[in-house]
Every structure is written in structure tokens, then in C-alpha cells.
Amino acid sequence: MNNLKNLRGTVDLLPDQLIKWQNVEKIVLEQLSRSSIKEIRTPILEMTELFIRGIGEETDVVSKEMYTFLDRGERSCTLRPEGTASVARALIQNGISSNPHQKLWYMGPMFRYERPQAGRQRQFHQLGVEFIGYQSVRSEVEIIALAWDILGKLGIKELNLEINTLGDLNDRLNFQKSFLKWLNINKDSLDSDSQNRINKNPLRILDSKNIQTKKVLENAPRLFNFLSDKSHKRYSDLKNQLEVLQIPYVENFNLVRGLDYYTHTAFEITCGALGSQATVCGGGRYDDLIKQMGGPNTPAIGFAIGLERLILLAGKELEVPRNTDIYIINQGLIAESLAIDLARKLRNYDLIVELDLSGASFSKQFKKANKLRSKSIIIIGDDEAAKKEFTIRLFDKESFDNKEEVISLENDIKLEKWLSINLSFK
RNA sequence: GCGGGCGUCGCCAAGUGGUUAAGGCAGCGGCUUGUGGCGCCGCUAUUCGGGGGUUCGAAUCCCCUCGCUCGCCCCA
């Protein structure tokens, strides 16, 4: 059995860990539904072509991180490395023009072939939100605020919001012209990674982490200075509105982000507690993507939150499970079936009811109930079965002074009264 | 893809060449098959991530490999 293991960069989530996941998901989904955002589910597997065209051939994600293979029909397939391209594809395919304004969310696994690290896996999970068909600055502010609030609802502290603007396609082309000129003059002062990017993806050089390159870049032309008046206005409107909402931000002119489809606003939320993989949320506007992919001209903006990173940040209080309300101790053939019937009835009261299936001694079953920290127990054995009744007892760990009552199996009124007094059942 | 650290039972670990691989937690069984918190007793690694080598003898030394981890790169 030793040779059968999970693949590198994948993990098993066991029941104890899933308590936290489920709690986090619950809070997140509540917040999304309050904002009237609808769920969309797209396939995990897509044509490779989708990501090459959507994300950009020269991006790191596409050029070296995709899980790509040929299926039995010789089609090139890829496990999705992110969600936006799939959502765009699904909308185009299903007739976006009949419904051009949509607020959508999705949640699920993504795949990138990278070296695993804390907060980074090969199969990881993202929550994504996309506002489709919205051009306004307020849609950007709304979406940033949403990301900010989701993280806030989970009690995550010390978050940093970084923003930047990339301008529109024209702004970028103008900038790129003079940036390329500058890059070629200063080529020798750049690190080798950046030199390689000159002809492939010059914008990415902007957020190089190389100290030497960073220093040289200080004298490079600024994208900001190539923005049209309109783009400038967008950006200052964005900042003003964030200030009204009292969401603190830091401008980072080098924030470019790794996917080609971004225009205008790009943002990232980081948390120092995550260590080197600090980004918990990244997003931005992508006004040209849907058109580029063959759909109608449709502006859009979105973000993605990394769920593994979110779980790392979320507080310990979300790890607490809901305890069993009633543990049913039972023994004997007749008692057994009465106990099953009783369990079904109690579950209709929306109580967590666990039926002991072991047939072990009463003593064992009591110990099990105690270990589970069950709030109460029901005892039903041969004696009770014969009289068509059961014993119900509060099962307080602290005191042994437990209230116990014998109730007839038919007496639902008495049962409900007991439940409402002792388990605050309504 | 490149550097640094690590790898002994489900978890936390002692052991650094000499033959029975400590201990704690958890688990299981019993004292106590009709009654729970405590206690006591017992069981649970032919084996030290895997493979090969050195040696009379290896968890301990050497080589390879896999995995984890921290950084770089990049991102969620």
C-alpha cells in the first residue's frame, strides 16, 4: 500500500478539516447571495485552445503551468488553471446578447503545475466573482468592496489592498512603444528573466522582483503618463469612491498581474500572515476578453480568492463542529428498530441525531456518547421496548445531575416539551 | 526549473554502528456486555519514506530516488 499515494501538490481533506472549509464557504456564500450574485458552473476540463487564447500564450500560467494532455480522440485538453476564460466561453456559447448584464460567482478546483509551497498546491480552489457587461467605475468599487467584505466577514486582519490602472488597449500600445525603446537601450542592466520578456511580454517586466531591475525601472517611462484623459478620470474616480467607503488602498504602479486580459483597474489583496505566497485575492477589469474570444464587445470585471489561503487566514473559531444533540443508545432486536424509527422522527425536528450501530455493551455506548460530547442521550433497550417507551437524559459533562425522563414512544407532545426545555428546540 | 532544511506507529517524539526500536497522545480490548467524566491492566512499528551499497552487524555511514518544507520564480 505504500506505493499508492496522492499526487504531488494535491491533498486529502479529512472530516475534521472540512468543518473549517464548510464554515468558511457558508459565510462566503451568504455574502454573495446578499449581493444578488448568481452561481455558474463550468467544466473543469476545457479545450487547451481556450486558455491559450483567453489568458495569453506568453503568460507563465499558459507557457509552463498547465495540465495538458491528449484525450482518446486526440483532442488537446487542459484542466482549468483559472476560471475567467471558461466563464467567458460559457456566456458567449449560451447567448450572452440575450442577457448582457450578469453578476456571477463560481467555486471549485483549479490546476497549475508548480512547485508546491505553503499556500500553493497543484490542485487548489478558487472562489471567483465576475461582473459581466458593467463598464462603470462603481462596478469596480462594488467588486473590490465585495472582496474586502468577504475577507472581513471571516475576521481576517491586516489586509492590504493594492491597486493600479493599466489603461485601455490604446494607452497600452502607446506606452509599450516608448517602453520598448527604453528597454532596448537599457537591456544590459536588466536581469536575464526580464531580458527574455522584452519580446514576449514586456509589461510583466514592470513587476519584476529583481532588486537590480527594480532600481533600473525607476527611470523607465511610466504607463501612468500614457493614459488618456478618460482613463485618468476612471482611475481617480475609483480612488475617490474607495475613500468614501473608507477602504484603505495603496497604489502600486508595478502591479501588472500575470494574465494578459486585464485592462484599466487591476487589484490585489495581500496578507503578511501568509508568508511568501501573500496574495489572497487578485482581480481586475477585462474589457476586451469577451470580444477577443469571439463574443460581442462586453466589458467585465472580476476577482478570484484562493480558498486554501483563505482557510489559512480564517480564525480558529471556524474549526468548531456542531455537536451531536442526541445519541441513541440501543440494544436488542425490537429496541433496535424502534430506535431507528425514533431517530428518523427526531431528525425531522432538525436535530443532529446519532444512532449507535455497534450493538456493543451499554457501557461502551455511553462512553461513545460521552466522547462525542453529545448534549443528550436516549436509552432504549429490551425493558423500554417492552413498554413502548424510552429514557431521555441531558448529558452534561460538568455535572452528573442530569435530568432524566421516561417518555412513551407515542407521546410526541411530552417529547417536544422536553426538547424545547433542554435543547432549546423551537 | 534552481538553492537551504527535514523524513522513526494515525499524531508528537527518544535513539547518532551492536543486536528486544523508549515514552506520550489517540485507537482497540478488559476491570464494568443496563449505564458516561477518573483510575488501573493489556494490545497496537519483524521495522525506521523507498531502493542499492559498506560492515560480522545499520534507523544510525555512503550513493541514488521519492516526498514534505522554506526561499527564488510566479500566482490564488
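Hydrogens, waters and symmetry mates play no part in the numbers below; they use all other heavy atoms, side chains included. Note on naming: letters A, B, ... go to the chains in the order of the sequence lines (proteins, then strands), and numbering restarts at 1 for each one.
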query: Can you list every pair that meets side chain to side chain donor-acceptor pair (under 3.5 Å) and has a residue in residues 140-158 of chain A, with sequence neighbours left out?
result: A/E140-A/R234, A/E140-A/T265, A/E140-A/R285

query: Mind checking whether A/C77 and A/L70 have side chains closer than 4.5 Å, heavy atoms only?
result: no

query: Between A/G119 and A/L274, which has a closest nucleotide on RNA chain B that is more 5'?
result: A/L274

- request: For A/D288, check side-chain contact (heavy atoms from CB on, under 4.5 Å) against everything at least two apart and list the hits.
  value: A/L169, A/T263, A/Q292

task: State whether the number of non-hydrogen atoms from other residues, nucleotides or ligands found under 6.0 Å of A/K414 atom NZ is greater than 12.
output: yes

task: Scan for ring pair (Phe, Tyr, Trp, His ring centres under 6.0 Å) pairs involving residues 43-65 of chain A, sequence neighbours excluded, and state none if there are none.
output: none

message: Near RNA chain B, counting only heavy atoms under 4.0 Å, which residues of residues 120-127 of chain A show up?
response: A/R120, A/Q121, A/F124, A/Q126

statement: Residues passing the ring-ring contact (aromatic ring centres under 6.0 Å, His included) test with A/F69, sequence neighbours excluded, are none

- line: Between A/Y262 and A/A118, the residue closer to the 5' end of RNA chain B by nearest nucleotide is A/A118

field: Sidechain-backbone polar pair: A/Q246 side chain, A/E243 backbone, donor-acceptor under 3.5 Å
entry: no

task: Compare side-chain N and O positions of A/R8 against OP1 and OP2 of B/C66 and report whether any pair is under 4.0 Å apart.
output: no

- prompt: Which whole number of Å gives the distance between the P atom of B/U19 and that of B/C38?
  reply: 38 Å

Could you go through residues 57-67 of chain A and list every donor-acceptor pair under 3.5 Å that involves a side-chain atom there, pairing it with any protein atom two or more places apart or in another chain?
unit_1: A/T59; atom_1: OG1; unit_2: A/G56; atom_2: O; d: 2.7
unit_1: A/T59; atom_1: OG1; unit_2: A/V62; atom_2: N; d: 3.3
unit_1: A/S63; atom_1: OG; unit_2: A/T59; atom_2: O; d: 2.8

query: B/U16 and B/C6: how far apart are their C1' atoms, nearest whole angstrom?
result: 16 Å

Separation of the C1' atoms in B/C28 and B/C68, to the nearest angstrom: 30 Å

- prompt: What interatomic distance, in whole Å, is found between P of B/G30 and the corresponding atom of B/U46?
  reply: 25 Å

N/O donor-acceptor pairs under 3.5 Å from side chains in residues 28-38 of chain A, not counting sequence neighbours:
unit_1: A/Q31; atom_1: OE1; unit_2: A/R34; atom_2: NH1; d: 2.8
unit_1: A/S35; atom_1: OG; unit_2: A/Q31; atom_2: O; d: 3.2

Nucleotide B/G1, atom C1' - distance to CD of A/Q117 in whole Å: 13 Å

- request: Quote, to the nearest angstrom, the C1' distance that separates B/G1 from B/A14.
  value: 39 Å

message: Strictly by salt bridge (Lys or Arg N to Asp or Glu O under 4.0 Å), give each pair with a member in residues 117-132 of chain A just once, sequence neighbours left out.
response: A/E114-A/R120

- prompt: For RNA chain B, what residues of residues 46-67 of chain A have any heavy atom nearer than 4.0 Å?
  reply: A/D60, A/E65

message: Please check: side-chain N/O of A/D287 versus main-chain N/O of A/D168, any donor-acceptor pairing under 3.5 Å?
response: no

- request: Go through residues 355-371 of chain A and report each residue with a non-hydrogen atom lying under 4.0 Å from RNA chain B, sorted by number.
  value: A/S361, A/F362, A/S363, A/K364, A/F366, A/K367, A/N370, A/K371

- prompt: Does any residue of residues 107-116 of chain A have a heavy atom under 4.0 Å from RNA chain B, and if so, which ones, in number order?
  reply: A/R112, A/E114, A/R115

field: Test side-chain contact (heavy atoms from CB on, under 4.5 Å) applied to A/N254 - qualifying residues, sequence neighbours left out
entry: A/L206, A/D207, A/N252

- prompt: Is the number of heavy atoms from other residues, nucleotides or ligands within 6.0 Å of CZ (A/R347) greater than 12?
  reply: yes

- prompt: If you measure from the C1' atom in B/G23 to the same atom in B/U33, how many Å do you get, rounded?
  reply: 33 Å

task: Provide, to the nearest angstrom, the distance between the CD1 atom belonging to A/I205 and the C1' atom belonging to B/C73.
output: 15 Å

query: To the nearest angstrom, how far is A/D16 atom CG from B/G27 atom C1'?
result: 14 Å

- prompt: Hey, would you say the A/F224 and A/F253 ring centroids sit under 6.0 Å apart?
  reply: yes

